[in-house]
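One-based numbering, in listed order, for ligands and for the atoms of each.
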Amino acid sequence: MNNQISAAKKDEIRKVADPCTVVIFGASGDLTQRKLMPSLFSLSCEGLLAEQFSVVGVARSEMTDDSFRDQIRAGVEKFARLKPADCDLWDAFSKNMLYHRGNYDDPQTYKDLSKLLAKIDKNVGGACNVLFYLSTPPQLYPIIVKQLGQAGLAQQSDGHWRRIIIEKPFGHDLPSATELNQQVHDVFDEHQVYRIDHYLGKETVQNLLVFRFANAIFEPLWSRNYIDHVQITVAEEVGLGSRAGYYDTAGVMRDMFQNHLLQLLTLVSMEPPAEYDATALRDEKVKVLKAMQRIKPEEVGQYTVRAQYRTYRDEPGVAKGTNTPTFAAVKLFINNWRWRNVPFYLRSGKALGDKMTEINIQFRHVPHLMFPLKPGQQLPPNVLGLCIQPNEGMNLRFETKVPGAGMRTRSVDMNFTYEQDFGKNTLPDAYERLILDALHGDATLFTRSDEIELAWGLVDPILQGWDSEFSPVLAFYESGTWGPGKSDEFMQADGRKWHYACSDC
Ligand code: NDP
């Protein structure tokens with residue numbers, strides 16, 4: 001059957017990664033324990049890692065190989081999709097898991113690492129292909145990259161590869177991101193570099209591409225001719241947690257908009273790439289970012305809302321009287337033929353009513369309505385909700401006739417959920433997908449250097465405006481709500497309102 005995935009394609013998708021070693025810097029940290037090692041273990045359970053696969057954890061903490069394995073096992077037990085009880089591979093997996101203690105700025109750490117990789121290659125095999133993973137605080141990225149370069153560890157030879165995954169945040173503004181790109185490019189070629197934005201590893205985000213470009217029915221509607229506006233919401237239910245040091249200097253614009261929200265926006269709005277490959281897809285995303293209208297610092301009062309949850313200043317670790325925004329709403333435009341004059345409303349915040357990410361596409365009203373309405377009444381618009389999390393799926397809201405006399409109408413929902421069609425717990429963690437892609441050398445779902453810089457170029461003027469006399473007043477909102485009243489007023493001023501189409505998915 002045409003629409004069935006061929007056996008060859010399945011083999012390709014489930015291809016086992018090359019024999020290799022993953023070297024994680026910051027291996028004693030939270031991300032390693034909660035995401036990286038649980039993902040690697042799940043991949044191993046799925047049979048997607050080679051037999052000659054090893055992990056070297058690098059950090060300053062005192063640990064032995066065994067205590068490192070114990071720490072990782074605790075994380076795998078708690079956070080992995082597939083746990084040691086689900087597959088009988090823990091012993092084989094953990095046997096090749098080593099800990100290498102050292103300071104990140106000490107050349108000796110890297111000389112010893114080089115020897116360790118040679119030893120692994122002799123004993124296990126696979127240590128000629130190395131994926132470095134930077135999972136340390138970001139100020140250490142340039143230091144580690146430079147040391148890797150000086151130790152010759154970034155050099156590829158004899159058909160073997162060396163790659164590097166770099167965690168977010170990648171810079172804190174355009175100059176620092178540009179500088180970091182230069183520092184990375186001094187050592188690694190761009191094709192060796194994988195800047196991670198874990199949102200792109202989510203199945204539902206990738207499904208945006210399938211939804212738009214594997215179905216004929218939606219794309220003809222996907223423009224200013226039929227779409228009134230687009231809303232993108234990334235809401236967190238939790239407040240600050242333990243990340244005060246980072247968050248209070250970053251705020252919501254750097255933490256969420258520069259990466260996740262702008263990535264979602266590019267995927268929703270880009271032109272169809274000619275093929276599914278890293279260059280074609282990222283070229284199209286870059287075109288969108290280039291076509292976006294920059295908000296000038298003096299325009300932030302018109303195009304943005306910024307707010308803070310009411311108890312934020314009481315959180316341990318934040319600066320006294322801090323004005324760091326934990327919520328923002330922004331109106332953006334893309335100046336090209338497809339999207340001219342279609343507003344894209346983006347909002348994100350902490351301590352909101354729920355943890356949810358959704359994209360709502362509101363369609364235009366019909367040009368002429370033949371059914372009688374009461375004076376001042378307008379039919380609700382058609383809204384397509386692309387539900388990224390937690391109710392992964394999609395929801396189309398449209399009008400239907402209420403049974404009985406007359407022509408009364410009511411909005412109803414047509415929806416698809418991953419859970420209903422594919423079963424529970426079938427969605428792999430975003431990190432599983434992304435790490436496997438990096439092991440396969442596929443950078444399609446990673447951010448390219450020009451993309452990162454263009455995104456910062458859009459965010460920086462907003463941040464400058466917020467630091468100036470043009471800034472909108474910092475609003476406050478109660479935890480557990482959907483942000484400040486100003487956010488609703490922002491939409492009302494344009495005759496619109498925020499949608500929650502996915503809560504019915
Ligand atoms: P941690 O704060 O847990 O740090 C990781 C490790 O880095 C620590 O275990 C510590 O190891 C070392 N380290 C911490 N501070 C310093 C310092 N000042 N100087 C030298 N070494 C230090 O970070 P996470 O694991 O939470 O995150 C790692 C990276 O991933 C960060 O850049 C973060 O922004 C990013 N990230 C994290 C997410 C998460 O959910 N945790 C989500 C998305 C991105 P040791 O002292 O043993 O050397």
With sequence neighbours left out, write down each residue that passes side-chain contact (heavy atoms from CB on, under 4.5 Å) with Pro273, or none if nothing qualifies.
->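 With sequence neighbours excluded, Pro273 shows a side-chain contact (heavy atoms from CB on, under 4.5 Å) to Phe213, Met270, Ala280, Leu281, Glu284, given in chain and number order.
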
Evaluate whether atom CD of Glu51 has more than 12 neighbouring non-hydrogen atoms of other residues, nucleotides or ligands under 6.0 angstrom away.
->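 Open.
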
List, one per line, each side-chain donor-acceptor pair under 3.5 Å for residues 200-209, sequence neighbours excluded.
residue	atom	partner	partner atom	Å
Lys202	NZ	Gln389	OE1	3.0
Thr204	OG1	Ile388	O	2.8
Gln206	OE1	Arg433	NH1	2.9
Gln206	NE2	Leu200	O	3.1
Gln206	NE2	Gly201	O	3.1
Asn207	ND2	Tyr418	OH	3.3

Qualifying salt bridge (Lys or Arg N to Asp or Glu O under 4.0 Å) pairs, either residue in residues 124-136, two or more places apart |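 Counting only pairs at least two positions apart or across chains, no salt bridge (Lys or Arg N to Asp or Glu O under 4.0 Å) contact touches residues 124-136.
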
For residues Lys331 and Ile295, report the shortest heavy-atom separation together with the two atoms involved.
->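 Shortest heavy-atom separation between Lys331 and Ile295 comes out as O-CD1, 3.6 Å.
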
Identify, chain by chain and in numerical order, each protein residue with a heavy atom under 4.0 Å from an atom of ligand 1.
->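 The 4.0 Å shell around ligand 1 contains Gly26, Ser28, Gly29, Asp30, Leu31, Arg34, Ala59, Arg60, Ser61, Tyr104, Ser135, Thr136, Pro137, Pro138, Leu140, Tyr141, Glu167, Lys168, Pro169, Tyr431.
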
What orientation do Tyr247 and Tyr312 show, parallel under 30°, tilted 30 to 60°, or perpendicular over 60°?
->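 The rings of Tyr247 and Tyr312 stand perpendicular, inter-plane angle above 60°.
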
